Amino acid sequence: VYYTHERAKRASEGVLTFFIRGICHRVPLSTLCTIYGFENERQHAFVPDFAGISTFGGHIATGFFDSAKTLQTDIRHPTLRYFMKVLANTLLCKMEPSKVRVQELTLVYYAVRSLVHMGDVEEPADDVWPNIGAIFAEHLVKLKMKPFKSKGRKKETVGSLLTPIFIHCGVPLDDAE
């Protein structure tokens, strides 16, 4: 993922670049948002710090939130638990889906904050919430680089998540595995 200004990453200036069969493809992050149906108005390319994360974690899960120990099974509401699993396995392409990390919990709060009033949760300002397309693109790049950094032999897959991008770019899929 490349940005016009790398120090001040703005989603509207970001481009996902990749090679398939020796051909370079470039997809602007705004187009990526359109492909997947993500909101495109937000500009931040990172998940903000969230001072109220422990309070929010206490609202939805049993016990105190600790990113090293909290599991998805600690989330009390089955719909939120399922949403967390979907978020971990699809958008974030996480290979350790049972753990609840700070970034995931922050994104879950972002998703439910307008649905549930939690006045005691200290949240980031409205203008610092992330562009989900930019987050997704960054995770795709991390996932692509993982085999080069990982010592394990575990095969990483993202299934059909990439298919909409390939279709948009006109990549033939008839001989894909």
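Owing to the predicted nature of the structure, the values given are computational and were not obtained by experimental measurement. Values reported hereafter were calculated over all heavy atoms of this structure, with side chains retained and with hydrogens, waters and symmetry mates removed.
The side chain to side chain contact (heavy atoms under 4.5 Å, CB included) check on T106 picks up V47, F50, I53, V102, W129, with sequence neighbours excluded. Residues satisfying the side chain to side chain contact (heavy atoms under 4.5 Å, CB included) test with I167, not counting sequence neighbours, are T163, L173. For R81, there are no salt bridge (Lys or Arg N to Asp or Glu O under 4.0 Å) partners two or more places apart in sequence or in a different chain. With sequence neighbours left out, the side-chain hydrogen bond (donor to acceptor under 3.5 Å, both in side chains) criterion links E41 to no other residue. Contacts of D74 classified as side chain to side chain contact (heavy atoms under 4.5 Å, CB included), with partners at least two apart in sequence or in another chain: A61, T62, T70, L71.
A ring-ring contact (aromatic ring centres under 6.0 Å, His included) check over residues 26-46, counting only residues at least two apart or in different chains, returns the pairs Y36-F38, Y36-F136, H44-F46. Sorted by first and then second residue, the side chain to side chain donor-acceptor pair (under 3.5 Å) pairs involving residues 46-61 (not counting sequence neighbours) are H59-D120.
When all heavy atoms are compared, the tightest approach of Y110 to P130 is OH-O, 4.2 Å. Of all heavy-atom pairs between L32 and G133, the closest is CD2-O, 3.4 Å.
Between the CE atom in M84 and the CD atom in Q72 there is a gap of 6.5 Å [rounded to 0.5 Å]. Here CD1 of I35 is found 6.5 Å from SG of C169. Values are rounded to the nearest 0.5 Å.
Taking 4.5 Å as the limit, every side-chain heavy atom of T34 sits out of range of all side-chain heavy atoms of H168. Between Y109 and I60 the shortest side-chain heavy-atom distance does not fall below 4.5 Å. Residues V100 and F65 meet the side-chain proximity criterion, which asks for heavy atoms closer than 4.5 Å.
No donor-acceptor distance shorter than 3.5 angstrom exists from the side chain of N131 to the backbone of A45, with no hydrogens or angles considered.
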Identify all side-chain donor-acceptor contacts of residues 5-20 below 3.5 Å with residues at least two apart in sequence or on another chain.
residue: E6; atom: OE2; partner: Y3; partner atom: N; Å: 2.7
residue: S12; atom: OG; partner: Q43; partner atom: OE1; Å: 2.8

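In the displayed structure, R76 atom CZ is contacted under 6.0 Å by more than 12 heavy atoms of other residues, nucleotides or ligands.
No single ILVMFWY cluster, assembled from side-chain heavy atoms under 4.5 Å apart, contains both L140 and Y2.
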Take I135 and Q103 through the test side-chain contact (heavy atoms from CB on, under 4.5 Å) and record every step on the way to the result.
CA-CA 10 Å; I135 301 300; Q103 186 177 38; 4.1 Å; yes
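If you chain together ILVMFWY residues whose side-chain heavy atoms come under 4.5 Å of each other, V86 ends up grouped with Y82.
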